[in-house]
Amino acid sequence: MKIMNMVGAINDALDIKLNEDKNVVVFGEDVGVEGGVFRVTENLQKKYGADRVFDSPLAESGIVGTAIGMSIAGLRPVVEMQFCGFIYPAMNQIISHASRMRNRSRGKLETPMVIRMPYGGGINALEHHSESMEALFGHIPGLKVIAPSTPHDAKGMLISAIESNDTILYMEPKRIYRAIKQEVQEGKFTIELGKANVLTQGKDVTIVSFGAMIREVQKAMVMAKEQGISVELIDLRSIYPIDRETIRNSVKKTGRLITVTEGPQSFGLGAEISQIAIEEAFLHLEAPPARVSGYDVIVPLPKGEHHYMQDAYKILYEIEKIVKY
Amino acid sequence: MKIMNMVGAINDALDIKLNEDKNVVVFGEDVGVEGGVFRVTENLQKKYGADRVFDSPLAESGIVGTAIGMSIAGLRPVVEMQFCGFIYPAMNQIISHASRMRNRSRGKLETPMVIRMPYGGGINALEHHSESMEALFGHIPGLKVIAPSTPHDAKGMLISAIESNDTILYMEPKRIYRAIKQEVQEGKFTIELGKANVLTQGKDVTIVSFGAMIREVQKAMVMAKEQGISVELIDLRSIYPIDRETIRNSVKKTGRLITVTEGPQSFGLGAEISQIAIEEAFLHLEAPPARVSGYDVIVPLPKGEHHYMQDAYKILYEIEKIVKY
Amino acid sequence: MFKEYNPINKLMFQVIDNQGKVIDNKLMPKITDERVLKAYKDMLFARTADLQIVSYQRQGRIYTYPPNYGQEAISGATAVIIEEKDWLVPAFREMGAMLAKGVTLKELFLLFMGYEDGNEYKNANKVLPISVPIASQMLHATGIGYEIKYNKKKELVYAFVGDGGTSEGDFHEAVNFAGVWKVPVVFIIQNNQYGISTPTRMQTASESLAIKSIAYGVKGIQVDGNDFFAMLRALEEAKKVCENGEGPVLIEAVTYRKGAHTTSDDPTKYRTKEEEEEWDKKDPLKRLKQYIINKKLWSEEEEEKIIEDFKKEVDRQFIEAENYPEYKAEDIFKYMYSEMPQELKDQEHRLKEFYRWKEERVSQTIKK
Amino acid sequence: MFKEYNPINKLMFQVIDNQGKVIDNKLMPKITDERVLKAYKDMLFARTADLQIVSYQRQGRIYTYPPNYGQEAISGATAVIIEEKDWLVPAFREMGAMLAKGVTLKELFLLFMGYEDGNEYKNANKVLPISVPIASQMLHATGIGYEIKYNKKKELVYAFVGDGGTSEGDFHEAVNFAGVWKVPVVFIIQNNQYGISTPTRMQTASESLAIKSIAYGVKGIQVDGNDFFAMLRALEEAKKVCENGEGPVLIEAVTYRKGAHTTSDDPTKYRTKEEEEEWDKKDPLKRLKQYIINKKLWSEEEEEKIIEDFKKEVDRQFIEAENYPEYKAEDIFKYMYSEMPQELKDQEHRLKEFYRWKEERVSQTIKK
Ligand SMILES: Cc1ncc(C[n+]2csc(CCOP(=O)(O)OP(=O)(O)O)c2C)c(N)n1
Ligand SMILES: Cc1ncc(C[n+]2csc(CCOP(=O)(O)OP(=O)(O)O)c2C)c(N)n1
Ligand SMILES: [Mg+2]
Ligand SMILES: [Mg+2]
């Protein structure tokens with residue numbers, strides 16, 4: 001065991017896979033010499049050389065598109081989008097090819113690749129640096145979308161992602177890149193993708209969330225507990241596919257569901273999970289599944305961001321409302 | 001009044017606005033000389049000249065990006081994406097600029113523009129020519145997304161869209177481009193954007209749908225009626241913003257909701273409407289809101305497309321299930 | 001050659017004239033008469049198939065199809081040079097090159113009849129499926145090139161794009177990345193003068209498409225794409241460049257799409273009869289045929305006979321494709337992921353339950 | 001000039017040397033001594049502000065900021081030529097040009113302190129907000145250029161992008177569209193040698209960035225971007241080209257980012273002290289200062305004094321920005337659409353209800 005933050009855990013996962021599998025290559029904007037703008041890929045170029053860890057020209061479609069080619073030819077590229085807000089130039093390559101090549105070729109061609117990107121707000125950043133667009137990607141058939149909330153999960157999930165034969169979008173909650181430290185198992189381990197994690201058992205209300213929002217929910221849970229409200233907290237981990245079973249079991253037990261997500265409200269993750277709850281546990285529901293999410297607006301610049309963000313109080317507010325319903 | 005199909009109605013709307021407002025320009029791939037691959041812009045170049053109706057180079061980001069510049073400078077561009085499946089190269093311009101310029105500049109800059117595109121399946125097309133990705137766009141704050149289901153609406157909604165000072169994604173159900181003919185008012189008229197349309201009053205179940213699927217729902221309704229089931233059919237017309245009031249009123253009355261959409265299921269329009277129903281009318285619900293949608297797969301090529309598509313029987317199947325719930 | 005034909009010099013590389021006469025023997029590629037004859041027959045097969053498909057389409061037996069008609073020399077030359085070990089990254093008008101790699105006509109038929117199975121290429125490796133989103137495939141070629149270089153393999157990538165495709169950002173990024181990475185990719189622009197209805201001069205103000213190579217610091221050349229020998233020679237030279245580790249090459253192959261854009265297009269809307277006639281004189285098959293006839297390798301009689309054989313073969317494969325088994329429901333789910341997630345299993349289950357219900361329901365209705 | 005300095009000839013256009021001496025008087029732009037002096041002061045103001053901002057940032061009084069340090073001559077020359085009627089389409093290192101258009105330092109401070117209000121440019125028209133998504137703004141410039149041409153106006157667009165930005169597809173599409181449409185846009189690449197940590201040679205294998213103009217059939221030129229006079233002269237010539245309806249111009253301004261990429265970047269990771277010192281000799285302000293001192297237009301004493309004044313002015317505007325009113329909840333909803341849809345009204349209402357609840361709740365907690 002070793003104490004690590006998330007940046008260290010991700011770096012460790014990359015290190016392990018680069019070391020173990022010569023087909024793994026890591027590239028993107030400033031990931032080589034600089035080691036990434038968040039230092040996630042620090043030292044990897046030194047250790048593995050510039051043909052395995054390297055800086056690409058500044059072009060996201062180019063990065064994803066060439067990674068598709070590499071993966072078809074047998075490599076396992078792990079590419080970085082510098083921020084979630086800069087992945088859009090690559091949307092065509094992701095939607096039209098990465099997520100489709102296997103189906104299009106009836107399984108003959110595969111694109112085993114991981115697209116890593118920091119996402120989410122709360123870091124006082126410029127425009128385009130605070131977005132959480134998991135729902136856009138969850139809606140793309142053929143893609144898997146995952147996001148860890150702890151260093152341990154970050155490491156295990158990334159190793160699993162690199163070993164998967166699918167194209168995986170790996171969303172990193174940059175707000176807690178260094179905020180959470182934890183003992184993490186050394187060496188290689190994997191975490192099955194697609195499985196949610198019940199972080200806290202509870203009986204009054206189920207909260208489903210992921211990534212950086214988990215910590216906010218936990219703060220709200222402390223306050224709720226003071227009022228005797230027992231919350232069951234599910235860390236989704238996988239945005240697509242969603243672990244229906246875990247949600248079903250929990251909602252059947254608590255009868256109440258709140259989703260806490262950072263992205264815009266409409267067509268967001270919250271609605272999908274509510275729908276799953278009503279499909280799976282309608283007769284157990286004692287209140288309408290509620291969503292605590294961003295609003296349908298552009299993430300405000302730092303001075304206004306608190307209005308947008310889902311903090312412990314906003315979550316508590318909904319908890320109190322739903323248990324009183 | 002004049003009998004028109006949807007292609008004619010859209011052409012008429014463009015004609016009226018080109019004639020009335022010198023700031024309106026129409027461009028895109030093959031919209032000029034050829035008049036569009038579906039002939040939607042036929043004759044407009046002849047009538048208004050090649051500086052107002054013209055072919056652009058083959059580049060979707062370029063089309064949307066330059067339209068943004070034009071609209072900031074005072075024009076009202078109406079651009080065409082040749083198919084919904086080819087809009088992805090333009091995602092960055094849409095998400096990072098068209099939907100944001102007003103908010104970014106605190107209202108000083110506006111991007112009044114319309115992005116037209118045919119969407120949806122059922123026309124025996126090649127890959128990428130059958131997609132219905134309304135949910136991707138509905139999730140983008142700052143964008144309005146609309147889709148007509150009749151020639152009359154197509155005309156009135158497009159005129160409204162061109163006159164709006166917002167950026168509007170106008171989705172055209174190409175499957176019924178020529179399939180439905182209707183008397184359409186001549187000359188200029190508008191239809192308020194953001195308002196759904198109750199096409200049929202009913203009492204047992206509410207069906208919310210839009211575009212080409214309306215016709216399928218109507219076929220199912222004939223069969224349902226034979227069994228004495230009375231369906232209230234809502235044509236959403238506006239994907240974003242969604243007309244909560246119309247949905248609320250209907251679901252409160254019927255107690256049952258089915259959504260019928262073409263796009264992939266997860267993170268789709270169906271979940272959002274179900275969520276609205278539970279937020280607005282939870283205590284009136286007698287069954288879990290159900291969705292008839294595409295599956296989470298790539299739209300199959302023509303020989304397999306019927307497995308994917310939502311036809312009258314699939315809708316009837318859900319109607320019968322929900323009324324028996 | 002890349003020096004003399006540096007696109008800045010505005011020369012188009014040609015080996016034979018419109019009458020099939022060799023302009024300068026030094027320019028001829030290395031190829032035996034036998035191989036030329038085979039190449040001609042392959043091009044003729046492609047053309048025969050193409051024309052036949054258009055008529056199938058008119059009969060409603062196949063959906064939208066983009067013909068190669070008039071552009072056969074480009075694929076024809078590629079077919080000669082491409083090897084088993086090499087990769088083919090097509091756009092969608094490279095039938096000849098695809099067949100050379102082992103793709104069957106039947107598979108192409110299946111695709112255009114609406115089965116993804118047509119993309120499986122059971123007997124062909126290292127061929128990407130045709131790519132519909134314009135220019136996007138070029139980046140895949142660059143990525144494959146990276147793998148080749150990374151693993152120090154002796155392979156090449158032949159990647160195709162249209163003149164219209166050069167306007168897309170992905171064209172730029174693909175050639176640019178390839179230039180920086182110095183990967184062994186031969187990019188071939190089939191400049192057939194139009195992107196659907198849009199003429200090349202409306203795609204770019206650049207003096208040629210070959211000259212765009214300068215923007216990426218890669219070698220480039222403009223070639224008469226209707227001149228089989230010129231295409232082959234240019235490909236030979238490009239191959240050497242790649243093999244020497246000097247990086248990618250950009251070839252502009254000047255040609256003409258004699259047919260419609262696809263079977264649902266009407267070219268009379270945007271081009272003149274005169275223009276078509278002008279280009280007809282440069283038809284790649286006519287020119288090569290003249291060459292082999294002059295060399296006494298071929299005769300009109302042989303041609304007539306072989307076309308009949310080809311037609312039968314095309315028909316045979318077409319009918320095989322028409323008799324392809326029904327598209328099963330599970331096939332829309334099965335290939336989405338390396339392992340099917342529970343969510344898709346549930347959806348498949350729901351679809352099958354619906355089918356059971358429907359069957360019952362329909363048989364009831366019939367009984368009534 | 002565009003003939004002689006055709007990028008194919010690999011000449012960089014220069015007017016003064018590193019000592020501020022005029023190389024060839026014929027190359028000098030038309031400008032009075034007075035105007036030169038003003039330009040110098042403006043550049044000095046920008047630099048003073050820049051250095052001050054970096055120190056504010058260290059004090060935690062402002063967030064991430066991308067300095068212009070070392071690149072001031074490019075904006076400085078643009079500031080001289082740009083007129084009220086012209087459009088400015090910045091990337092994010094064009095402070096001098098923005099101030100010239102009427103944007104205030106305070107507004108820039110507001111933006112980098114985290115208020116969108118800083119983008120409103122109350123006293124400036126025809127300036128787009130700084131653009132974060134690299135190269136995307138270039139297409140807006142082309143679109144604006146279209147409007148100018150369409151309405152037969154006498155306006156110009158000055159649009160900026162970085163060396164890194166030339167790798168993006170949008171760069172390609174923007175210059176290509178502009179070339180086809182022949183619109184009056186001057187595209188200026190600030191080649192400051194790096195895109196964050198990535199050197200220009202890793203962005204492209206092309207011999208220069210100016211040479212990319214050939215791919216679009218537009219005029220291009222490589223200019224010493226640290227040479228105020230060269231920049232100004234090149235802009236004058238570009239303006240003529242645009243005014244003659246000959247279409248867009250692509251200028252590569254060769255410069256160096258003397259500071260960090262942004263305040264959260266550490267350049268020692270990717271560049272050497274020697275390199276920095278080498279470029280320091282070419283510093284644009286030093287060179288222009290030498291020129292005006294030689295001409296007896298300026299002295300070290302005047303410089304010292306004015307810097308003190310500038311610092312006070314920067315501080316004044318900074319403190320004004322710091323005292324900006326609180327960011328109101330409604331402001332996150334208000335500007336999304338021309339009219340607020342019911343959905344957003346509902347969401348705003350919900351937020352305000354939450355705030356009421358929270359206030360009550362927190363005051364209760366405090367009472368306890
Ligand atoms: C990204 C994208 N946009 C639009 C289309 C629609 N489309 C299909 S073919 C074509 C023209 C292609 O022209 P070119 O690249 O010259 O190839 P050609 O058809 O002439 O072989 C267009 C616009 C597409 N397939 N992909
Ligand atoms: C589309 C996009 N990708 C990535 C980024 C992150 N990023 C910000 S600045 C920068 C480098 C820009 O380099 P260059 O164009 O040379 O401009 P410079 O910063 O040197 O002025 C990058 C990669 C971004 N802002 N936008
Ligand atoms: Mg073409
Ligand atoms: Mg730079």
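Residue numbering restarts at 1 for every chain, and letters A, B, ... go by the order of the sequence lines.
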Visitor: Is it the backbone or the side chain of Lys122(C) that comes under 4.5 Å from a heavy atom of chain A, or both, or neither?
Guide: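 Looking at Lys122(C), just its backbone touches chain A.
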Visitor: For Asn165(A), is it the side chain, the backbone, both or neither that has a heavy atom under 4.5 Å from a heavy atom of chain C?
Guide: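 Contact with chain C: backbone and side chain both.
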Visitor: Do you know which of Pro112(A), Pro89(A), Ser61(A) has the most heavy-atom pairs with chain C at a distance under 4.5 angstrom?
Guide: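 Heavy-atom pairs under 4.5 Å are most numerous for Ser61(A).
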Visitor: Please determine, by modelled atom types, if Gln203(C) and Ser167(C) share a side-chain donor-acceptor pair under 3.5 angstrom.
Guide: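 Per modelled atom types, Gln203(C) and Ser167(C) side chains form a pair under 3.5 Å.
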Visitor: Do Lys108(A) and Tyr335(C) form a cation-pi contact, if we require the NZ or CZ to be under 6.0 Å from the six-membered ring centre and within 45 degrees of the ring's axis?
Guide: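 Cation-pi check for Lys108(A) and Tyr335(C): fails.
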Visitor: For Asp331(C), is it the side chain, the backbone, both, or neither that has a heavy atom closer than 4.5 Å to a heavy atom of chain A?
Guide: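 Both parts, backbone and side chain.
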Visitor: In terms of heavy-atom pairs under 4.5 Å, which option from Ala174(C), Pro341(C), Ser136(C) contacts chain A the most?
Guide: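 Among the listed options, the one with the most contacts to chain A is Ser136(C).
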Visitor: With a 4.5 Å cut-off on side-chain heavy atoms, are Ser99(A) and Ile140(A) touching?
Guide: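 With C-beta onward as the side chain, the pair touches.
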Visitor: Do Asn249(A) and Arg244(A) have side-chain atoms, one donor and one acceptor, less than 3.5 Å apart?
Guide: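 No - no donor-acceptor pair under 3.5 Å links their side chains.
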Visitor: Taking every heavy-atom pair that is under 4.5 Å apart, which of Val89(C), Val180(C), Thr142(C), Asp170(C) has the most such pairs with chain A?
Guide: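 Result: the option with the highest number of such pairs is Asp170(C).
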Visitor: Given heavy-atom pairs under 4.5 angstrom as the criterion, report whether the side chain, backbone, both or neither of Pro241(A) touches chain C.
Guide: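 Side chain only.
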Visitor: Please flag which part of Tyr121(C) lies under 4.5 Å from any non-hydrogen atom of chain A: side chain, backbone, both or neither.
Guide: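 Tyr121(C) touches chain A through backbone and side-chain heavy atoms alike.
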Visitor: Quick one: ring-ring contact (aromatic ring centres under 6.0 Å, His included) partners of His97(A), sequence neighbours excluded?
Guide: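 Expected list: His140(C).
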Visitor: Can you tell which part of Leu193(A) gets under 4.5 Å to a heavy atom of chain C, answering side chain, backbone, both or neither?
Guide: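 Interface part for Leu193(A): neither.
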Visitor: Tyr115(C) and Glu326(C): side-chain donor and acceptor closer than 3.5 Å?
Guide: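 No, Glu326(C) and Tyr115(C) have no side-chain donor paired with an acceptor closer than 3.5 Å.
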Visitor: Pick from Ile63(A), Asn103(A), Ile242(A): which one has the most heavy-atom pairs with chain C under 4.5 Å?
Guide: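 That would be Asn103(A).
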Visitor: Without hydrogens or angle criteria, can the side chains of Gln317(C) and Glu107(C) be said to hold a donor-acceptor pair below 3.5 Å?
Guide: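 Gln317(C) vs Glu107(C): no donor-acceptor pair found between side chains.
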Visitor: Could you tell me whether a side-chain N or O of Asp86(C) sits under 3.5 Å from a main-chain N or O of Val157(C), the two making a donor and an acceptor?
Guide: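 Flag not set: sc Asp86(C) to bb Val157(C) has no pair under 3.5 Å.
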Visitor: With rounding to the nearest 0.5 Å, note down the distance linking CG in Leu75(A) to CG in Asn151(C).
Guide: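 Here the interatomic distance stands at 6.0 Å.
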Visitor: Non-hydrogen atoms of chain A under 4.5 Å away: do they reach the side chain of Glu173(C), the backbone, both or neither?
Guide: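 When you check distances to chain A, only side chain atoms of Glu173(C) fall under 4.5 Å.
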Visitor: Will you find, in the side chains of Glu343(C) and Tyr240(A), an N or O donor that is under 3.5 Å from an N or O acceptor?
Guide: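 Glu343(C) vs Tyr240(A): no donor-acceptor pair found between side chains.
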Visitor: Does any heavy atom of chain C fall under 4.5 Å from the side chain of Val25(A), the backbone, both, or neither of them?
Guide: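 Only the side chain of Val25(A) comes within 4.5 Å of chain C.
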Visitor: For the residue pair Glu232(A) and Ser250(A), confirm or rule out a side-chain donor-acceptor distance under 3.5 Å.
Guide: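 The answer is yes; a qualifying pair exists.
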Visitor: Where along residues 65-74 of chain A does a heavy atom come under 4.5 Å of chain C, listed by residue number?
Guide: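 When heavy atoms of chain C are the reference, residues 65-74 of chain A contributes Gly65(A), Thr66(A), Ile68(A), Gly69(A), Met70(A), Ile72(A), Ala73(A) within the under-4.5 Å range.
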Visitor: Do side-chain atoms of Lys195(A) reach the backbone of Asp243(A) as a donor and acceptor pair under 3.5 angstrom?
Guide: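 Such a contact is absent between Lys195(A) side chain and Asp243(A) backbone.
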